[in-house]
There are 2 protein chains.
Amino acid sequence: MASLNIGDAAAAAGVSAKMIRHYEEIGLIPKAKRSYSGYRTYSENEVHLLRFIRQARGLGFSIRQIGELLGLWQNSRRSSATVKKLALEHIGELEEKIREMLAMKATLERLAAHCHGDHRPECPILDELSGPAPAGQVRSGKSGRS
Amino acid sequence: MASLNIGDAAAAAGVSAKMIRHYEEIGLIPKAKRSYSGYRTYSENEVHLLRFIRQARGLGFSIRQIGELLGLWQNSRRSSATVKKLALEHIGELEEKIREMLAMKATLERLAAHCHGDHRPECPILDELSGPAPAGQVRSGKSGRS
DNA sequence: CTTGACCTTCCCATGGGGGCAAGCTTCATC
DNA sequence: GATGAAGCTTGCCCCCATGGGAAGGTCAAG
């Protein structure tokens with residue numbers, strides 16, 4: 001079985017060598033075996049593991065979630081319900097972020113639509129950014145201590 | 001003309017004192033004047049500036065973009081076209097991220113829909129993560145020392 | 001033997017913060 | 001005037017996930 005150096009393992013798995021070392025350091029993957037001279041060596045199994053991580057990162061899972069997914073992946077007595085729950089949790093997070101960004105985008109588009117975008121300095125975008133006061137107002141006394 | 005300490009300026013602007021120091025350190029805002037004893041002091045103008053930053057952060061602008069927006073805000077000879085361009089650039093970035101996350105979400109939803117979510121271990125989600133090999137394959141000759 | 005590609009560890013940077021600690025300053029209250 | 005409690009100062013470490021680079025060891029080919 002071909003034993004690969006980190007660079008080849010990285011290329012085979014589609015991640016950077018840097019990240020492999022990082023994943024090892026944070027305990028996401030077990031410590032790689034070392035050659036006599038100290039080089040990390042990787043087997044097909046470990047490349048497969050790295051590929052799994054790459055796929056999960058591509059779907060936006062966090063490192064913590066990937067750790068859980070790896071545990072499930074390697075546990076033949078897992079229940080698919082546990083995996084599905086993790087996926088649904090992540091879908092919820094994605095939805096939340098998407099909602100936030102859509103709201104930002106909508107506001108920006110509204111402002112941009114009202115901006116002439118010409119040589120004149122008047123600009124509703126800057127007005128909006130400088131305008132609306134937040135909830136907290138400046139309190140009249142100096143420093144509100146006790 | 002109330003001159004505020006950092007905590008009160010932070011409350012008035014809706015940002016944390018920590019971030020005010022940070023913005024000063026990275027040069028986003030000018031260095032605050034100091035009282036005799038070394039406390040940072042803030043005028044209404046500076047609170048207004050901080051409020052501007054808070055608004056811009058709320059719309060997802062990066063620190064770099066906010067720096068540019070601040071320059072435009074304080075330049076009475078700006079053209080609204082420049083501001084609009086910055087806003088449109090940011091809208092484009094948001095769209096890109098939204099697209100990526102929608103794609104992740106769609107994939108996850110497809111996988112989750114095919115997952116029984118019961119006590120059994122079989123799970124198409126894990127299959128997908130472990131399955132598809134990336135484009136790059138193990139190269140035969142390159143540096144395969146073993 | 002030399003070259004150069006690879007590997008090792010270590011430190012630094014990113015963005016946008018949070019938190020804690022030691023030591024001052026300020027202020028209200030006794 | 002003393003005291004205690006907030007508030008301020010700086011500085012350092014942490015998060016996530018990653019990239020960059022320096023200084024030095026290793027290995028295979030020419």
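Throughout, a chain's letter reflects where its sequence line sits, starting with A, and its residues are numbered from 1.
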Q: May I have the step-by-step check of salt bridge (charged side-chain N to carboxylate O under 4.0 Å, His left out) for B:Glu89 and B:Lys85, ending in yes or no?
A: CA-CA 6 Å; B:Glu89 171 193 321; B:Lys85 192 177 156 216; over 6 Å; no
Q: Would you indicate, yes or no, if D:dT10 has its OP1 or OP2 atom less than 4.0 angstrom from a side-chain nitrogen or oxygen of B:Arg40?
A: yes
Q) Between A:Leu28 (CG) and D:dA17 (C1'), how many Å, whole number? A) 11 Å
Q. Nearest 0.5 Å, what's the CG-CG distance between B:Leu69 and B:Leu86?
A. 4.5 Å
(Q) What is the distance, to the nearest angstrom, from the OH atom on A:Tyr36 to the C1' atom on D:dT26? (A) 12 Å
**Q.** Whole angstrom value for the distance that separates C1' of D:dT9 from CD1 of B:Ile20
**A.** 14 Å
Q) Can you tell me how far CD1 of B:Ile53 sits from CH2 of B:Trp73, rounded to the nearest 0.5 angstrom? A) 8.5 Å
Q) On DNA chain D, nearest-nucleotide positions of B:Tyr42 versus A:Ile26: which is more 5'? A) B:Tyr42
Q. Side chains of B:Asp118 and A:Ser79: donor-acceptor distance under 3.5 Å anywhere?
A. no
Q) Rounded to whole angstroms, how far apart are CZ on A:Arg64 and C1' on D:dA17? A) 15 Å
Q) Would you call B:Arg40 and B:Glu24 a side-chain contact if the rule is heavy atoms closer than 4.5 Å? A) yes
Q.
How many whole angstroms separate atom CZ of A:Arg21 from atom P of C:dT9?
A. 7 Å
Q) When the distance from CZ of A:Arg34 to C1' of D:dG25 is rounded to whole Å, what number comes out? A) 13 Å
(Q) Measure CG/A:Asp8 against P/C:dC6 and give the value in whole Å, please. (A) 8 Å
Q.
In this structure, how many angstroms lie between the C1' atom of C:dG15 and the CD atom of B:Glu25, rounded?
A. 13 Å
Q. Roughly how far, to the nearest 0.5 Å, is the CG atom of B:Leu129 from the CZ atom of A:Arg57?
A. 12.5 Å
Can you give me the N/O atom pairs linking the protein to nucleotides 22-24 of chain C at distances under 3.5 Å, or say none if there are none?
none

Q. Roughly how far, to the nearest 0.5 Å, is the CD atom of B:Gln65 from the CD atom of B:Glu68?
A. 7.0 Å
Q. B:Phe61 or A:Ala17: which one's nearest nucleotide on DNA chain C is closer to the 5' end?
A. A:Ala17
For nucleotides 18-20 of chain D, which of its nitrogen or oxygen atoms have a protein nitrogen or oxygen under 3.5 Å away, and what is each distance?
| residue | atom | partner | partner atom | Å |
| --- | --- | --- | --- | --- |
| D:dT18 | OP1 | A:Arg57 | NE | 3.2 |
| D:dT18 | OP2 | A:Tyr23 | OH | 2.8 |
| D:dG19 | OP2 | A:Ser16 | OG | 3.3 |
| D:dG20 | N7 | A:Lys18 | NZ | 2.8 |
| D:dG20 | O6 | A:Lys18 | NZ | 2.7 |

Q) Rounded to the nearest 0.5 Å, what separation is found between the CD1 atom of A:Ile125 and the CG atom of B:Leu88? A) 7.0 Å
Q: Could you check if a side-chain atom of B:Ile66 sits within less than 4.5 angstrom of a side-chain atom of B:Tyr23, using non-hydrogen atoms only?
A: no
